[in-house]
Amino acid sequence: MAYGKLMVILTCAGCCAIDGAQAVPVPTAMDMRRVFTPQPLPDPPNRYNSGSGLPGPDYWQNRADYVIHAHIDTPTHALSGEETLIYTNNSPDSLDTLWLQLDQNIYRPHSRAGFANPERHPNTTDGMEIDSVAIVHHGHETPLRPRISDTRMQLALPGAPLSHGQKVQIRIRWHYIIPGPWGGRTAVTPARDGEIYEIAQWYPRMCVYDSHRGWDTLPYLGQEFYLEYGNFDYSVTVPWNFTVVGSGALLNPAQVLTRTERARLAQAARSDRTVMIRTEHDVTDPTSHVARMGEKTWRFYMENTRDVSFAASPAFLWDAARIDLPPVRPAPGMKPVPRLAMSVYPREGIGPQAWDRSTEYVRHAIEYFSRQWFSYPWPNAINVGGHGAGMEYPGIVFDGWEDRNDTLFWITTHELGHGWFPMIVGSNERRDAFMDEGFNTFIDAYASQHFNHGEYAPKRDAEFAPLTGRPADDIIPVLKDPQAPTLMTPAELVPEKYRHPVTYFKSAYGLVLLREQILGPERFDTAFRRYIQAWAYHHPTPSDFFRLMESEAGEDLGWFWRGWYFENDWPDYALSRLSYINNDARQGTQVSIKAKGRLMLPVTLRLAYSDGTHADQVIPPESWHLADNITVAFPGGPTVDRAILDPEHVLPDPDRSDNIRLMKSR
């Protein structure tokens, strides 16, 4: 409780050092100019990306639509495919070449990824072998000669360049050997009842051409992706006893599912509880399939997405429940249908605290993120219990059948959270990883608090507050490590040692601080929702995010961007004096505070009175514009017991030994 108005006196002090791995002088008044000088952002505003952080009046992006037919030959683990790609040039430039990504080439001997991350490549394949490439015009194919460089393929367009507003149709035929469990994000893995195929990065994918770099052709080294949006109509041919789940909606259930399976799916679409579509008994019963021999072709469709993936296996149990969101149409011209949360997993994953609960977790994640941030746009959300890659794709995620308890909840929620970052908000995660992993980890932390009255709260895993569950404490070793990269470090230059502590944890905790300590939930949530809405299915940069949050929240945050994102600064405040004014409690109390760090986060000063009450005053960043030492005067009241800085322990202050000061008795 408060006892009247406060007075703040500003002074300047000398310098001292913080104990620990990195000594930092106490900021002087001159240093404060550096702390609060406006932070230059990497990308200047223009007509494509405005000063408000919103897409500019001339913003554009190109488009890639796909029709894909794939076939898996299980004896050889070979995937062969044919795709028809329609590429639309919405840029103001004329394009005489196209660039595509051949991600399977990271498994080739002597790939760049093999040199960059040799520990990830114990085995090799021949990569993605291109059988033919052609331009299709009025049904006629004109062959093209591709130029392949590591994981990129360049196609020189014959004739006139592709000008603004024009489309080109490309047909590509290819094949490759699917990696084994060592493949990481895409693999074929043995299970008790058959192999599990987790198929991703499986077709030639368009590189992004944007206003920042033209063609963005960073080679794939095993990290993340940057992709164009479009519609996908794809089909997968597999043996008769396989079950296939994939991104988007299954368009031909009558051809691949039994009447019983279809009835169970209809039941799940009306059920808040998980319904088994394929049971443990079905997995070992050949009559549970619509066919007894040969092959089946499963056809899927997904609208306005940057990618698609699928999983296939004879070993899958399959369950589902409805998602409490409005129905959506599976494909153009079709009626809207209920949406489903689904899980597939082998018998090894069964358990009351294991994959039996997966769909419960899926349903919660999709509904919570939709209501809190931005509505999930696609028909279904699927969790695959495979070899444990922990990897995300639009509408489908690959997790581990051995995951249990909080581990399964956290990994499921995290991977599905990627549906928002970067599947909906399509940032360049191959360059700016913190906008992908960190933003997602941020929304995950609140999902842990929300689920089942905090059953798995607080989030405490490799991604967030791994040591104690208290981010203010657990981030200190990262901030004080002189070798730790900053959040603005290009993704491929972040050593594996720091990938989770910096890219995930520090980025996520920065948003927690921005939400809870700087802006407050109401202002932050309004601005963050606006960011998601404005950049949904677009390509924002870090500069766009920084500008939009400032503009929408009404706050100059350059000091925070500098200290937390461009540098590894931290707050460190100290109580240097506590006394009554003129030695008389009735005249008030004065408290002197020193700033020893370079990140001037708002800090709460609490005056605790001997009668059990207290008065709080939040000291804003502006208090330190011209000083490193301030004195706060509280009006008269009860006798004072002590003063406390950051009484709720919410700031990453590395030295709390000077955050409490007792009133000296006379």
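Sequential numbering from 1 along the given sequence is applied to the chain's residues. Just so it is clear, the model here is predicted, and its values are computed rather than measured.
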Donor-acceptor pair, side chain of N105 and main chain of M128, under 3.5 angstrom: yes
Carboxylate-amine/guanidinium proximity below 4.0 Å for E492 and R112: no
Parallel, tilted or perpendicular, as decided by the 30° and 60° cut-offs, for the rings of W420 and Y376: tilted
Any side-chain donor near an acceptor of the partner, N90 and Y59, under 3.5 Å: no
Shortest non-hydrogen contact between A249 and P330, atoms and distance: CB-CB, 3.6 Å
Sub-4.5 Å side-chain heavy-atom contact between F566 and T486: no
Pair Y531 and F545, ring centroids less than 6.0 Å apart: yes
Test applied, ring pair (Phe, Tyr, Trp, His ring centres under 6.0 Å); reference residue, F421; option that passes from F374, F528, Y504: F528
Results of side-chain hydrogen bond (donor to acceptor under 3.5 Å, both in side chains) for E228 - residues two or more places apart only: H539
R108 and D150 ion-paired at < 4.0 Å: no
Ring centre gap for F310 and F300 strictly below 6.0 Å: no
N/O donor-acceptor pair under 3.5 Å between R562 side chain and T37 backbone: yes
Sidechain N-carboxylate O distance under 4.0 Å for R499, E437: no
Heavy-atom closest contact (V618 atom, P602 atom, distance): CG1-CB, 4.0 Å
Result of checking N383, V384, I382 against V397 for side-chain contact (heavy atoms from CB on, under 4.5 Å): N383
Presence of salt bridge, D216 and R430, under 4.0 angstrom: no
Within the 6.0 Å centroid threshold, strictly below: F442 and F524: yes
Check against side chain to side chain contact (heavy atoms under 4.5 Å, CB included), I475 and K506: CA-CA 7 Å; I475 199 65; K506 188 187 178 192; 3.9 Å; yes
Listed partners of N49 passing side-chain hydrogen bond (donor to acceptor under 3.5 Å, both in side chains), at least two apart: D544
D569 and R598 ion-paired at < 4.0 Å: no
Pair R547 + E550, salt bridge at N-O below 4.0 Å: no
Ring center gap for Y565 and F546 short of 6.0 angstrom: yes
Proximity of F505 and F464 rings by center, below 6.0 Å: yes
Cation-aromatic face contact R205/Y220, 6.0 Å, 45 degrees: no
Chi angles and distances behind the side chain to side chain contact (heavy atoms under 4.5 Å, CB included) call for W410, D444: CA-CA 8 Å; W410 286 328; D444 298 343; over 6 Å; no
